[in-house]
Every structure is written in C-alpha cells, then in structure tokens.
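So the structure is just underneath, and the comments pick up after that.
Chain letters run A, B, ... following the sequence lines, proteins first, then strands; residues in each count from 1.
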Amino acid sequence: MSITGIKGMNDILPGEIETWQFLEQQAREVFGTYGFSEIRTPVPEKTELFCRSIGETTDIVEKEMYSFEDKSDNSITLRPEGTAPVMRAFIQNKLFNLDAVTKLYYMGPMFRYERPQKGRYRQFHQIGVEALGVEDAKIDAQILAMLHRFFEKAGIDSVSLQVNSLGCPDCRPIYRQQLIQYLEARLDVLCEECQRRYTKNPLRVLDCKSAGCKEATQDAPAIIDHLCEHCDDHFAQVQKYLTSLEIPFSVNARMVRGLDYYVRTTFEMVTDKLGSQNAVAAGGRYDGLVESLGGPALPGIGFAIGLERLVLMKGENRIEPAFPQLFIAALGDAAADYAFVLMARLQAKGIRAEMDFQGKSLKAQMRRADKLQAEYVLVLGDDEINSGQAQLKEMASGDQSPVALDCLASQLQEKLG
RNA sequence: GUGGGUGUAGCUCAGUUGGUAGAGCACUGGAUUGUGGCUCCAGUUGUCGAGGGUUCAAGCCCCUUCACUCACCCCA
C-alpha cells in the first residue's frame, strides 16, 4: 500500500465537489444579500487565542486541538472553529473603526482531533457568519432569517430551528447553582457520565441522551425560567421578531453549547437524517468575547454550518459540470498532430475541446466522446486535412454536416450559442 | 480515549462441513478495414488488508496488527 491520507481527513472528488460548489455559491449569494462580506483568515493561529475564547476546560481545548510548536517554539494550533480567528482579525485590523456594525462571513477547513464517524471528521468545513456591534434582538432574528433562507435556497428541508437562551454572566451562575442542587438530589438515577460531570457542566446533563437522565431531568429547572429581566426581555424580543418574519422555530430549553463564550440567544438547525450528529448548523450570541480578546466591548452573534453534514443530506442541487463541447477524433499520427493544434486554438477561444492522446481506434474515440458527453464530434483523417472539409457530428441527434476547418471556431460558436 | 461491525478484481459483492477464487458492472478488442449509445462474442485484472499459528491442505479456524466504518464521548 502506498501513502494514504490522514485519518479523518477526506478528499473531495469530482462528482462530489459540484455539490460543495453549489452550497458555497448559495451562501455567497444569500449572505451578500443580507450585507455580509467575506473574510479569510489563516488556518493556524496562536494556541492562546483558542484557549482564551473557547475556554480552557472545554473538550475542544483540552483534548481535540491540533497543536504544535513551530521552529521558534511558538505554540500554534490549526483552528478548531472560525469565530475566534475572525474576532482576532476584527480586533487586530480595527474593523470596528470602519462602521458601527460589522457583518462578516467565512468558509474553510477546521480541525479537531476526534474519532471520525458519520458527519464528524478531523478536517471538516464550516461556512460561518459573525455580526458585531448590535445588541438589539433584531440582529438575532435577522441572522436566523438568513440561516433559514440559506437552507431554503440550498434545497435542504427536513431541518428545524431550535432556539434557547443561556442567560448572561449575571443570571446564569445563579441558575447553575439551582440546577446542581436539583441534580444532587437525583444523583443515583443519572448515568455514569452525568454523575461525573454534573458539577463541572450541569447544563450538559439536560442534553444527555440516556433514558435515565431524561427521566430524572423531566422537571428540572429550565434556564429560560431563570433569566434576569434583561435577558428575558431580549429572548422575548427574538421570538417576537422571528414570528413577525414567519420563521418557524421551537424553543428547546435543554440546548447547551460546547464553547464557553456563548451567552443569551443560542440556536441549532437540527435534523434526524444524520445518524447521531443531529446539528447541521449552530450558533449564538457572544457578547463579551471581543472585549475579552482585547477589543472594544462590542456585542456579537454568529453561527456556523457544517458543510460535510449538509452534503450528507444529499440536496439534489449541484453545479452543472462542464461537458466538452467538441471532441476531435483524429485518425493517424499526422491527423493527431493537426488536431492537437486545432484543439488548442479552439480552447483559446473559450470552446471546451477534447481529443484522444492514446492513439485509440475511431470506435474507441467515439465511445470516449460519448462517455464524456461531448456535444459535437469532429472526425479528422488525412482526407479531411487535405480537403479542408470535415464532418461535424451532433451526438444527441447523430446528424452529421460538412464544415470547413477554416471557420470551425465561428461555426461552433454559432451552434453552441 | 471506550465499544461494535467490515476488509476478496478498478467498483458492488458471492464464496457451502477447510480441498489451490467467482459473478455483475467497468475496461480492451471484435461482429461493423473511418463513426458513440442498444445487442452479441471474446479477453485482461487478485500479495483474498498485513504478519504469525493450527493443518497433508486456510479466503474460511486461532492469535496479533492495520485500515475503514458505525456508535459512545463530544460537536458543525
């Protein structure tokens, strides 16, 4: 066996890439309509960026990052998510001076060292957006409307939007304490995993899939019933605006986030079509993040879409692959040389031309032209070159018509429109 | 990190109680000395994932290992 790729990192091959290109194109169109500009940041960043933003004690930072020392002994990490790098770029380039509101989107590979499974890979791709500078719930609703619109245009249904509020640094700790007390009283029925984590991350228990935990947390206090006035208001506004925009959603009071920076509004696009990975897109508000990374105290909200998961959902839509417009079938060495130059001339004029390089029989060349779905085939032998006239065959109908080699390009352009 | 499943031709997969490996598709050539699809005929292709063991004999049984895959965990 020769050298293989790295576990959990996949090649995206022709035949599959067209779906990716389609989804990327839809994202650009939709996000552009809503006033978002693309930003591209480097794949590696200083490790510290992720420790400070995602949270030291999260699984991502504790055990999933691709980190290494470069030749100057700096600790470098391949980005495990897109928000922190965009915040870093936003602050470093002082984008907040250009406008009070900054709306950005990005797409590209992310890296997490996890055991691969369906919908989860070590290199995976996200399309994400970030809106900075707006506190008002209108932006929350607009972001969700945009996400909804993207799924519509991408032709992917069987997803549903769930929203929740995680509160803020004022109200969440109080709720957290209450939840721990509630769980403590029911420790014996929780699964092993939850018994271990209920103090470290009690909200996670609410999201546990085990039957015992679901049962035990049936009547657990919900975060949305314990929000401070400010957060409660904000969440009510978000729902009001979503309703007025006719965006379907449901409130899932048990939804949690694996990254520490999220506050208040959080949301997920979920599906039951992906095995155990049910989130196709997710995001939320991160109001303290910019400031904690050394920037101005600006609020922010964003989301990321998992592209591999989107592709797995097999939307029918794809970019049309470009078939050859002309296949030149040459007979003999002299004709092949002539055809080679002719093909290059046509290609220079923007005509997708193709020929055989392996000295195959006419029959085999025709077969290949058919397989490649060429629109026309030009049959070229010594006779045709001497007379300057050749037969141009339209493959779909099988009709042949004579054509002067001199004006082949213009005739083809006419036929092809 | 933990558990389950699967590794046989380029692809999808058969392979009986252990007896020296097969089908379909694809590919190549021909039927049609210079014209594709449909049909028919013929042909090529394997370290049976790898290493070791049991046996007269292993694709099949045993051990080890690797890869892929699904799930736990976690998350997009």
Side-chain angles (χ1 to χ4, degrees), chain A residues 1 3-8 10 15 54 58-65 79-83 107-129 147 159 191-194 196-197 201 204 207-210 255-259 262 266-271 274-284 302-313 327-332 335 356 358 360-384 390-400:
Chain A
M1 196 56 184
I3 299 172
T4 59
I6 296 172
K7 183 201 283 283
N10 303 317
I54 298 172
T58 58
D59 278 18
I60 294 178
V61 170
E62 273 183 350
K63 49 192 190 197
E64 295 177 2
M65 295 209 298
R79 60 183 183 196
E81 59 102 38
T83 299
M107 43 184 78
M110 308 293 162
F111 301 82
R112 291 182 201 172
Y113 191 87
E114 302 178 90
R115 252 329 235 286
Q117 68 186 68
K118 187 174 187 179
R120 192 180 79 180
Y121 309 100
R122 290 185 174 179
Q123 179 182 99
F124 60 101
H125 296 77
Q126 289 188 332
I127 301 180
V129 318
L147 183 60
V159 290
C191 73
E192 213 174 300
E193 196 62 41
C194 287
R196 188 177 57 73
R197 69 185 165 196
N201 192 351
R204 173 67 59 197
D207 202 34
C208 185
K209 287 167 191 160
S210 100
M255 187 170 64
V256 296
R257 282 274 78 97
L259 289 71
Y262 284 115
T266 53
F267 52 88
E268 285 182 3
M269 274 288 189
V270 298
T271 177
L274 276 182
S276 71
Q277 316 300 325
N278 67 339
V280 188
F303 64 74
I305 302 165
L307 258 180
E308 279 81 359
R309 293 183 185 181
L310 219 48
V311 171
L312 276 175
M313 294 186 68
F327 188 98
I328 307 175
L331 298 156
D356 163 67
Q358 296 166 310
K360 289 189 182 184
S361 69
L362 178 61
K363 188 188 191 66
Q365 293 190 62
M366 290 301 294
R367 235 196 317 265
R368 178 141 181 271
D370 183 58
K371 196 170 110 182
L372 295 174
Q373 300 186 53
E375 277 187 66
Y376 291 91
V377 170
L378 184 77
V379 179
L380 211 55
D382 294 339
D383 294 348
E384 283 80 3
Q391 291 293 321
L392 186 65
K393 179 168 184 171
E394 185 183 18
M395 291 298 272
S397 63
D399 296 341
Q400 293 203 137

Taking atom P of B/A76 as reference, at what distance in whole Å does atom OH of A/Tyr262 sit?
6 Å
Tell me: CG of A/Leu362 to P of B/U32, nearest whole Å?
16 Å
Provide the Watson-Crick or G-U wobble partner of B/U6, both distances under 3.5 Å; none if there is no partner.
B/A67
Complementary nucleotide of B/G43, counting Watson-Crick and G-U pairs under 3.5 Å:
B/C27
Please determine, for the side chain of [X], which listed nucleotide ([options]) has the closest atom?
X        : options             : result
A/Lys360 : B/U35, B/A76, B/U28 : B/U28
A/Arg115 : B/G34, B/G3, B/A76  : B/G3
A/Ser361 : B/A76, B/U2, B/G29  : B/G29
A/Arg309 : B/G29, B/A76, B/C70 : B/A76

Need one value for [X]: base, sugar-phosphate or nothing, where a base atom within 4.0 Å counts as base even if backbone is also close, heavy atoms only.
X        : answer
A/Gly119 : base
A/Lys7   : sugar-phosphate
A/Val280 : sugar-phosphate
A/Ala329 : nothing
A/Tyr376 : nothing
A/Ile305 : nothing

How close do A/Val159 and A/Met269 get, counting heavy atoms only, and between which atoms?
CG2-SD, 4.0 Å
In whole Å, measure the gap between the C1' atoms of B/U28 and B/G10 for me.
14 Å
The single option from A/Lys360, A/Lys371, A/Met395 that satisfies side chain to side chain contact (heavy atoms under 4.5 Å, CB included) with A/Met366 is A/Met395
N-O pairing of A/Glu64 and A/Arg115 below 4.0 Å:
no
Is the shortest distance from a Lys or Arg side-chain nitrogen in A/Arg122 or A/Glu114 to a carboxylate oxygen in the other one below 4.0 Å?
no
Return yes if the base of B/G34 and the side-chain atoms of A/Gln365 contain a donor-acceptor N/O pair under 3.5 Å, otherwise no.
no
